[in-house]
Q: 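Just passing along the structure, written as structure tokens.
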Number of protein chains: 2
Amino acid sequence: MGTSLRDVAVLAGVSVKTVSNVVNGYAHVAPATRAKVEEALARLDYRPNLSARNLRQGRTGVIALALPELDAPYFAELSRFVIDAAAERRWLVIIEQTDGDLERERQILDGVRDHRVDGLIFSPIAIGADELAARTDDTALVLLGERIHDGPADHVAIDNVRAARDVTEHLIGLGRTRVAALGAQDSSISGTAPLRLAGYRQAMAAHGMPETVATVERYHRADGFAAMTALLERERPDAVFCFNDLLALGAMRAILSSGLRVPGDIALAGLDDIEDGRYSTPTLTTVAPDKNELARIAVDLLKRRIDGRAGYAPQEVRAGYRLMVRESTAAPSPS
Amino acid sequence: MGTSLRDVAVLAGVSVKTVSNVVNGYAHVAPATRAKVEEALARLDYRPNLSARNLRQGRTGVIALALPELDAPYFAELSRFVIDAAAERRWLVIIEQTDGDLERERQILDGVRDHRVDGLIFSPIAIGADELAARTDDTALVLLGERIHDGPADHVAIDNVRAARDVTEHLIGLGRTRVAALGAQDSSISGTAPLRLAGYRQAMAAHGMPETVATVERYHRADGFAAMTALLERERPDAVFCFNDLLALGAMRAILSSGLRVPGDIALAGLDDIEDGRYSTPTLTTVAPDKNELARIAVDLLKRRIDGRAGYAPQEVRAGYRLMVRESTAAPSPS
DNA sequence: AACCCTGTGTACAACGTTGGAACAACGTTG
DNA sequence: CAACGTTGTTCCAACGTTGTACACAGGGTT
């Protein structure tokens with residue numbers, strides 16, 4: 001093991017507790033003593049043993065971030081912000097992946113593989129509100145990106161319904177008449193899919209337009225590709241709102257491969273504002289959630305939960321978003 | 001705090017150590033006793049306190065993965081595999097980002113923010129071999145994706161030189177005559193850039209072809225876009241090997257925006273095989289490192305370092321890769 | 001009958017840390 | 001100058017776990 005307080009204490013000629021006091025910035029330490037101790041600390045390159053500290057005071061300084069998959073760009077970008085926001089609180093972040101698997105989501109909720117973490121930021125897909133409410137583990141919890149209505153935990157997300165409605169309105173505003181939605185899910189009850197679908201429906205209803213909804217299993221490019229390919233055979237939409245950018249990029253590939261043009265033949269919009277969509281050809285119209293704000297709020301909520309043992313009511317916080325209009329929904333040019 | 005061994009022991013009417021023995025699968029426990037204890041364990045929903053266990057054993061069960069940025073797809077994809085591979089060892093993974101900043105790389109090397117972790121998988125960019133060799137921290141270390149020749153630590157990577165040469169040979173094999181390299185770096189001494197540049201040079205020299213090298217600051221799409229835009233004005237290459245896929249996708253966007261065609265006018269290849277390149281239009285020819293193998297080897301090496309206190313010589317391991325030929329270097333079709 | 005195994009269980013100490021009580025040294029005050 | 005509060009430091013215990021040492025029973029061997 002490395003150097004302990006004891007080693008430092010011996011070198012500095014003081015007691016272990018005095019060294020501890022210096023390390024923890026306790027006020028009443030004589031300047032001379034403090035200097036001695038600090039020199040010894042530096043000489044021995046002391047690092048606190050967090051296992052011991054944690055054992056003593058029940059804190060680890062580590063939080064967990066559980067999400068479906070790290071290699072989905074949206075979650076990767078979000079993770080970066082969460083790690084940065086946590087760093088400001090001097091927290092470290094352990095990342096766990098659920099792959100959207102119900103069993104693994106249950107395990108996460110039940111405790112991060114038996115490790116004690118101070119808190120958990122969780123982006124669930126498969127698990128339902130009832131199970132969330134019934135959890136026994138009492139680790140501080142913040143839910144991310146999903147609305148468990150009147151749920152048992154704090155929650156941050158953008159207003160998915162409104163965002164979806166905005167995008168759909170934008171597509172309708174282009175003069176398109178056959179606007180399809182791509183990304184509904186049969187299974188996922190608690191994900192964002194139902195919310196985005198609701199937003200799409202609101203907009204379509206408001207304009208008295210017929211709905212076309214394509215369903216997918218997951219939210220990957222491959223699913224977007226497959227669903228769009230099918231859609232091109234069944235119906236021939238002239239605009240498609242994909243429930244996330246990965247689906248949209250897969251759909252874009254399908255449309256272009258089939259010889260049709262974007263936005264000439266089909267206007268296309270996504271949601272998430274992942275970087276790929278800013279460099280695709282054409283660039284992708286999308287909704288940009290303020291990921292930094294999402295991460296920051298999540299960490300702040302978690303901080304409050306961890307500090308305030310008091311069980312106040314669960315908070316529901318909305319983060320901002322912006323509609324980013326790009327080439328994939330530009331007015332058809334004569335070229 | 002949760003239930004401890006003590007609570008279980010009281011309920012089962014045995015000593016704390018006996019419960020510990022049951023939990024740890026110690027052989028010599030009478031079946032009757034074991035049954036009693038196991039029932040008590042279940043009744044109280046016992047979870048071992050890992051802080052205490054770690055304090056006792058001097059292990060944390062947590063490793064750190066330090067990389068430039070999580071939101072670069074290559075690193076996100078790699079992280080997924082590292083987390084999965086670590087999970088098989090029952091390790092958790094803390095992720096730290098350096099942004100390629102020298103100072104932050106130094107800090108990481110010096111200890112993961114004062115936390116004790118069992119090991120560190122580190123993908124450095126800025127830091128040099130000398131500093132790596134001089135580090136004082138004795139946490140197990142495995143370097144990822146970079147060759148510090150005769151370095152002080154275990155190391156996994158693909159053969160960057162050969163991979164770069166393969167790609168360049170492929171471009172030359174298409175009959176292209178003005179093959180440019182995009183992605184050299186002035187600063188980074190220890191990154192993979194010099195290796196990839198060397199591979200390009202070898203291939204070009206072997207065919208007696210003139211070199212064109214474009215330099216970038218970083219490895220993002222924006223850098224690829226800017227460098228390619230500049231390249232289109234200066235020279236007019238008919239093939240470009242970008243040192244990673246992000247650069248290639250940025251370059252692709254620049255080429256297409258300027259009205260030229262890929263691969264018709266310019267053939268384009270990258271390296272990394274990120275998912276975006278499989279859905280771009282055209283799809284991107286690239287080198288696919290076996291990321292799963294990379295991650296697995298890194299974790300295995302770390303495991304050996306952590307277990308074997310013995311300081312054997314640093315290992316250098318190569319992971320495999322494949323050239324993925326896609327549309328961006330297809331033979332020009334008449335269309 | 002004395003012996004030594006083997007199997008099963010317990011008691012104790014220790015990992016490194018910190019909260020709190022105890023205490024020593026000091027200057028201030030009546 | 002004695003009583004007192006303040007400041008600085010030490011001592012002790014405890015967080016939950018596990019390695020070591022040991023106690024004790026029962027059974028087989030001399």
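The sequence lines fix the lettering, A, B, ..., with proteins before strands; numbering per chain opens at 1. Every heavy atom of this structure was used, including side-chain atoms; hydrogens, water molecules and symmetry mates were not.
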Q: Atom CG of B/Asn21 to atom P of C/dG7: distance rounded to whole Å?
A: 15 Å
Q: Determine whether a donor-acceptor pair (N or O, by modelled atom type, separation under 3.5 Å) exists between the side chain of A/Asp7 and the backbone of A/Ser4.
A: yes
Q: What is the distance, rounded to the nearest whole Å, between atom CG of A/Leu55 and atom C1' of C/dC15?
A: 9 Å
Q: Using a cutoff of under 3.5 Å, can you pull out all pairs of nitrogen or oxygen atoms linking the protein to nucleotides 11-14 of chain C, with atom names and distances?
A:
none

Q: Mind calculating the distance between CZ (A/Arg6) and C1' (D/dC11) to the nearest angstrom?
A: 14 Å
Q: Give me, pair by pair, the N or O atoms of the protein and of nucleotides 5-8 of chain D that are less than 3.5 Å apart, along with how far apart they are.
A:
from  : atom 1 : to      : atom 2 : distance (Å)
D/dG8 : OP2    : A/His28 : ND1    : 3.3

Q: Not counting sequence neighbours, which residues clear salt bridge (Lys or Arg N to Asp or Glu O under 4.0 Å) with B/Asp45? List them please.
A: B/Arg47
Q: Testing the 3.5 Å rule here: is there a donor-acceptor pair between the side chains of B/Asp118 and B/Thr60?
A: yes
Q: In whole angstrom, give the distance that lies between atom CG of A/Leu5 and atom C1' of D/dC12.
A: 16 Å
Q: Salt bridge (charged side-chain N to carboxylate O under 4.0 Å, His left out), that's the test. Do A/Arg43 and A/Glu39 meet it? Break it down for me.
A: CA-CA 6 Å; A/Arg43 278 258 296 280; A/Glu39 207 219 301; 3.2 Å; yes
Q: Name the nucleic acid region contacted by B/Ser4, choosing base, sugar-phosphate or nothing; use a 4.0 angstrom heavy-atom cut-off, strictly under.
A: sugar-phosphate
Q: Check this one for me: any side-chain N or O of A/Asn24 less than 4.0 Å away from OP1 or OP2 of C/dT18?
A: yes
Q: For residues 9-37 of chain A, which residue pairs pass the salt bridge (charged side-chain N to carboxylate O under 4.0 Å, His left out) check, not counting sequence neighbours?
A: none
Q: Look for any protein N or O under 3.5 Å of an N or O in nucleotides 25-27 of chain D and output each such pair with its distance, or none.
A:
none

Q: I would like to know whether A/Glu96 and A/Arg104 meet salt bridge (charged side-chain N to carboxylate O under 4.0 Å, His left out); could you show each step before the answer?
A: CA-CA 10 Å; A/Glu96 281 280 88; A/Arg104 283 168 72 183; over 6 Å; no
Q: Could you check whether any side-chain heavy atom of B/Val62 comes within less than 4.5 Å of a side-chain heavy atom of B/Val93, counting everything from C-beta outward?
A: no
Q: Without decimals, in angstroms, what is the distance between B/Leu50 CG and D/dT18 C1'?
A: 14 Å
Q: For A/Val16, answer base if it contacts any base atom (sugar-phosphate contacts may also be present), sugar-phosphate if it contacts only those atoms, and nothing otherwise; contact means non-hydrogen atoms under 4.0 Å.
A: base
Q: For A/Asp154, run the side chain to side chain donor-acceptor pair (under 3.5 Å) check against A/Gln315, A/Arg304, A/Arg305 and tell me which one passes.
A: A/Arg305
Q: Would you mind pulling out the nucleotide paired to C/dG30, Watson-Crick or G-U wobble, both distances under 3.5 Å?
A: D/dC1
Q: Regarding B/Asp99 and A/Arg80, does a basic nitrogen lie under 4.0 Å from an acidic carboxylate oxygen?
A: yes
Q: Which heavy atom of A/Ala295 sits nearest to which heavy atom of A/Ala85, and what is that distance?
A: O-CB, 4.3 Å
Q: Could you pull out all residues at least two apart from B/Val23 that satisfy side chain to side chain contact (heavy atoms under 4.5 Å, CB included)?
A: B/Leu5, B/Val19, B/Leu41, B/Tyr46, B/Arg53
Q: Give the nucleotide from the list C/dT10, D/dT9, C/dT18 with an atom nearest to the side chain of A/Thr18.
A: D/dT9
Q: Atom CG of B/Asn54 to atom C1' of D/dT18: distance rounded to whole Å?
A: 12 Å
Q: Between B/Glu293 and B/Arg296 (salt bridge meaning N to carboxylate O under 4.0 Å), is one present in this structure?
A: no
Q: Could you tell me the separation between the CD atom of A/Gln57 and the C1' atom of D/dC15, rounded to a whole number of Å?
A: 11 Å
